[in-house]
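Here the structure is laid out as structure tokens; the discussion comes afterwards.
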Amino acid sequence: MARNVVNIEEVSKAFDIKELLVAVSLGVSEGDRIGIVGRNGSGKSTLMKVIAGIEAPDSGRVTKSNSARIGILSQVDFENPESTVGEVVLGDTAKHEWASEPNIREVFTGLFGSFDDHIFDRKFGQLSGGERRRVGLAKLLINELDLILLDEPTNHLDVEGVAWLASYINNRKGLALTVVTHDRWFLDAVTDRTWEVVGGKVEEYDGGYSAFVLAKAERARQTSVMDQRRNMLIKKELAWLRRGAPAQTVKPKFRVDAANVLIAGEPEPRNQGELLKFALNRLGKTVFEAHHVQVKLGDNELINDLYWNIGPGDRIGIVGINGAGKTTLMRTLIGEIHPTAGKLVTGVTVKPAFLTQHLDELDPTWRVLEAVEKIANRVELGGGRELSASQLCERLGFDRESQWTPVGDLSGGEKRRLQLTRLLMDSPNVLLLDEPTNDFDIETLTELEDLLDSYGGTLIVISHDRYFLERVCDRFVGLLGDKSVRDLPRGVDEYLEMRERATQTQDTVQKDKKSSNAAEERQLKKDKARLERQMEKADARVTELVARQEAAAFEPELLALITQDLHNARVDKDKLEEEWLQVLLFLEG
């Protein structure tokens with residue numbers, strides 16, 4: 001019988017006047033793999049902190065076995081910025097004590113791609129958000145724990161990193177896991193039970209995310225049946241009270257077989273023929289054609305001899321290693337960056353919209369609905385379907401009440417949703433999305449996927465969310481850092497296989513090397529230090545402009561100038577970061 005690790009009994013927890021957990025009783029046993037889902041703000045992270053003992057319940061109690069070792073990965077970093085990566089992960093442990101540990105080597109190689117001193121010697125305060133997340137994971141995974149609690153562990157990880165993390169966890173037999181994440185592929189890969197936090201309660205389901213969706217659909221269907229029966233009884237009671245003719249009702253019949261019966265009659269998510277016809281009408285036959293295109297950032301060549309045709313109605317997912325040029329490729333397509341060689345042809349009817357990872361254009365004084373209606377009042381989806389600004393807001397998680405919230409009061413995830421809503425309202429026929437799933441909960445993601453199903457234009461997506469990519473895209477291309485853009489007929493699986501082969505080849509070459517060019521390495525280190533200084537200045541410039549933007553909220557002309565300066569500063573910062581990543585890749589290679 002599996003040993004119990006932790007129990008919570010009749011636990012309630014509230015913040016201000018909002019009750020997040022109400023008389024919740026749950027348990028986690030040895031080997032349990034539990035995914036926690038729910039709307040943003042529903043209490044998922046709070047539940048994790050209560051289980052870990054970080055947050056005390058308002059009532060009820062939390063008990064754990066005396067020998068239970070529990071670790072948590074939170075979304076906030078509390079490490080000393082002056083500490084090195086080695087000090088954060090390994091503490092004061094001497095190098096000879098951990099250097100030969102296979103688990104430590106596996107974790108660092110899986111998360112950082114190598115097991116070198118330059119990784120351990122880097123200052124924590126100099127790391128990017130993604131690197132800090134990897135350090136937090138490494139610190140957690142190298143320890144012998146009975147239960148790990150992961151709060152959004154896949155944030156900032158690429159597709160390859162997510163696949164490695166899933167494989168590593170699945171190989172840790174006996175380890176109990178609870179995880180909060182919007183990455184549905186990861187949930188399916190590592191969990192066999194699901195907790196849904198809703199209305200202060202926790203609903204339990206057997207199985208991972210896919211099984212949860214089917215089971216929830218069945219529960220909803222049964223609830224619908226009960227509601228219909230209750231309504232019929234009310235009608236009969238009303239008829240008796242009025243002493244009129246008996247109510248004429250027909251009791252509906254339902255088949256309740258297996259859960260898959262629920263989706264047996266469902267059509268395909270997208271009518272490809274209808275969408276292609278709509279796309280041809282709006283776009284013509286040409287969207288983007290690249291002929292022997294070369295793209296450079298400074299002296300750094302990212303893409304060479306690209307020949308690529310993107311047609312009307314294409315739905316393309318882009319995957320690749322960090323620094324390979326995925327975002328740069330998107331910026332080249334829409335004309336923000338010009339090819340240094342070759343020819344890029346853009347269709348005359350192309351009207352693109354680019355969802356970046358920044359939030360420059362949102363005025364904090366606008367209301368949500370006002371911000372959307374400044375673009376348009378209605379949007380055409382194709383096939384005779386259209387939505388009003390308010391309806392589109394609702395589809396993307398802004399209910400009637402929240403549509404009157406000032407933009408300045410929104411969270412980062414809500415601002416990103418608003419940014420996407422505004423883009424869609426402008427009726428673009430080519431939509432480019434750079435990491436669109438960041439900060440979205442699962443319910444908002446499913447609404448977005450449903451919306452994109454009816455989008456009749458060309459769609460190009462960069463995302464580390466494998467489930468989202470495979471759900472909305474029909475074709476895939478990969479950037480592996482070799483300056484080419486490769487077709488991936490078998491999708492993300494093929495990309496991961498290619499990366500594994502490339503890694504093995506690189507390891508073989510490294511072993512065969514007898515020496516390295518010391519002068520070249522010194523120059524790379526100088527370039528890295530120079531770029532880090534320039535990035536610090538760029539960060540300071542962006543911070544200064546953000547403060548000036550907020551101060552100029554009620555001066556439209558000045559605000560427009562500052563917003564443009566901020567956009568340019570962020571573009572410059574992104575270029576520096578991409579160049580820095582390339583230097584880092586060369587150093588690691």
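Just so you know, these numbers use all the heavy atoms, side chains as well, and skip hydrogens, waters and symmetry mates. Throughout, residue positions are numbered sequentially from 1 according to the sequence presented.
Ser25 places a side-chain N or O within donor-acceptor distance of the main-chain N or O of Glu10, the cut-off being under 3.5 Å. Using a distance-only test at 3.5 Å, with no hydrogens or angles considered, a donor-acceptor pair links the side chain of Thr458 to the main chain of Gly313. Distance alone, capped at 3.5 Å, places no donor-acceptor pair between the Glu160 side chain and the Leu496 backbone. Between the side chain of Tyr455 and the backbone N or O of Val430, at least one donor-acceptor pair lies under 3.5 Å. Listed for the Arg134 side chain is a donor-acceptor partner under 3.5 Å among the backbone atoms of Leu111.
For the atom pair Glu373 CD and Arg378 CZ, the distance stands at 10.5 Å (nearest 0.5 Å). Note that CD1 of Ile462 is 4.0 Å distant from CE of Met330, once rounded to the nearest 0.5 Å. Distance check: Phe398 CZ to Thr405 OG1 gives 8.5 Å after rounding to the nearest 0.5 Å. For the atom pair Leu141 CG and Asn103 CG, the distance stands at 8.0 Å (nearest 0.5 Å). Between atom CG of residue Leu433 and atom CD1 of residue Ile318 there is a gap of 10.5 Å, rounded to the nearest 0.5 Å. With values rounded to the nearest 0.5 angstrom, Ile310 atom CD1 is found 4.0 Å from Ile460 atom CD1.
You'll find the side chain of Val202 reaches within 4.5 Å of the side chain of Leu47, heavy atoms only. A 4.5 Å side-chain heavy-atom check between Leu187 and Ile442 finds at least one atom pair inside the cut-off. Ser59 has its side chain within reach of Ser12: a pair of non-hydrogen atoms, C-beta onward, lies under 4.5 Å apart. Within the 4.5 Å cutoff, side-chain heavy atoms of Leu451 are placed close to those of Leu392. Counting heavy atoms from C-beta on, the side chains of Trp195 and Leu26 come closer than 4.5 Å. The shortest distance between side-chain heavy atoms of Leu149 and Asp151 does not fall below 4.5 Å. Between Phe354 and Leu431, the closest side-chain pair of non-hydrogen atoms is not below 4.5 Å. At least one side-chain heavy atom of Arg499 sits less than 4.5 Å from a side-chain heavy atom of Leu480.
Between Arg490 and Glu497 there is a salt bridge, since at least one side-chain N of the basic residue sits less than 4.0 Å from a carboxylate O of the acidic one.
Across Thr446, Asp453, Asp450, a single residue satisfies side chain to side chain donor-acceptor pair (under 3.5 Å) together with Arg471, and that is Asp453. Shown are Ile316, Leu488, Val319; of these, the side-chain contact (heavy atoms from CB on, under 4.5 Å) with Val477 is made only by Ile316. A side-chain contact (heavy atoms from CB on, under 4.5 Å) with Ile169 is found for exactly one of Thr191, Leu177, Val179, namely Leu177.
Val62 pairs by the side chain to side chain contact (heavy atoms under 4.5 Å, CB included) definition with Val6, Ile8, Val11, Val50, Pro57, not counting sequence neighbours. Under the salt bridge (charged side-chain N to carboxylate O under 4.0 Å, His left out) criterion, Lys139 pairs with Glu79, sequence neighbours left out. Judged as a salt bridge (charged side-chain N to carboxylate O under 4.0 Å, His left out), and not counting sequence neighbours, Arg33 has no contacts. Residues passing the side chain to side chain contact (heavy atoms under 4.5 Å, CB included) test with Asp399, sequence neighbours excluded: Glu401, Ser402. Qualifying salt bridge (charged side-chain N to carboxylate O under 4.0 Å, His left out) partners for Glu106, counting only residues two or more places apart in sequence or in other chains: none. With sequence neighbours excluded, the residues satisfying ring pair (Phe, Tyr, Trp, His ring centres under 6.0 Å) with Trp164 are Tyr168. The salt bridge (charged side-chain N to carboxylate O under 4.0 Å, His left out) search around Asp426 returns Lys351, not counting sequence neighbours. Under the side chain to side chain contact (heavy atoms under 4.5 Å, CB included) criterion, Asp493 pairs with Arg466, sequence neighbours left out. Residues passing the ring pair (Phe, Tyr, Trp, His ring centres under 6.0 Å) test with Tyr205 are Phe212, sequence neighbours excluded. Residues passing the ring pair (Phe, Tyr, Trp, His ring centres under 6.0 Å) test with Phe476, sequence neighbours excluded: none.
Taking all atoms of both residues into account, the shortest heavy-atom contact from Cys393 to Gln403 is CB-NE2, 3.6 Å. The two residues Asp434 and Arg416 have their closest heavy-atom pair at O-NH2, 2.7 Å. Across all non-hydrogen atoms, the minimal contact from Leu175 to Leu147 is CD1-N, 4.3 Å. Nearest heavy atoms, Ala353 versus Leu423: CB-CD2, 3.8 Å. Nearest heavy-atom pair across Ala176 and Val28 is CB-CG1, 4.1 Å. Minimum interatomic distance between Val379 and Ser427 (heavy atoms only, all atoms of both residues): CG2-OG, 3.7 Å.
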Before you tell me yes or no, could you show the steps for Ser65 and Arg3 under side-chain hydrogen bond (donor to acceptor under 3.5 Å, both in side chains), namely the whole-Å CA-CA distance, both residues' side-chain angles and the distance that decides it to 0.1 Å? CA-CA 9 Å; Ser65 64; Arg3 177 173 63 96; 3.2 Å; yes

Assess whether side chain to side chain contact (heavy atoms under 4.5 Å, CB included) is satisfied between Leu165 and Leu157, documenting all intermediate values. CA-CA 10 Å; Leu165 181 60; Leu157 293 185; 4.2 Å; yes

Assess the residue pair Arg400 and Ser390 against the criterion (side chain to side chain contact (heavy atoms under 4.5 Å, CB included)); give the C-alpha distance rounded to whole Å, side-chain angles, the decisive distance to 0.1 Å, and a yes or no. CA-CA 8 Å; Arg400 297 280 178 173; Ser390 180; 3.0 Å; yes

Trace of the side chain to side chain contact (heavy atoms under 4.5 Å, CB included) decision for Glu196 with Lys216: CA-CA 10 Å; Glu196 183 186 22; Lys216 188 173 181 181; 2.6 Å; yes

Side chain to side chain contact (heavy atoms under 4.5 Å, CB included) between Leu418 and Leu410, intermediate numbers included: CA-CA 9 Å; Leu418 177 57; Leu410 299 180; 4.0 Å; yes

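Environment of CG in Asp206: sparse, with no more than 12 heavy atoms of neighbouring residues, nucleotides or ligands closer than 6.0 Å.
For residues 55-72, every residue pair satisfying the salt bridge (charged side-chain N to carboxylate O under 4.0 Å, His left out) rule, not counting sequence neighbours, is listed here: Glu9-Arg61, Lys13-Glu55, Lys13-Asp58, Arg69-Asp146. Within the structure, every pair that satisfies the salt bridge (charged side-chain N to carboxylate O under 4.0 Å, His left out) test and touches residues 174-194, not counting sequence neighbours, is listed here: Asp32-Arg193, Arg184-Glu449, Arg193-Glu204.
Aromatic rings of Phe186 and Tyr467 (six-membered ring for Trp) have centroids beyond the 6.0 Å cut-off, not under it.
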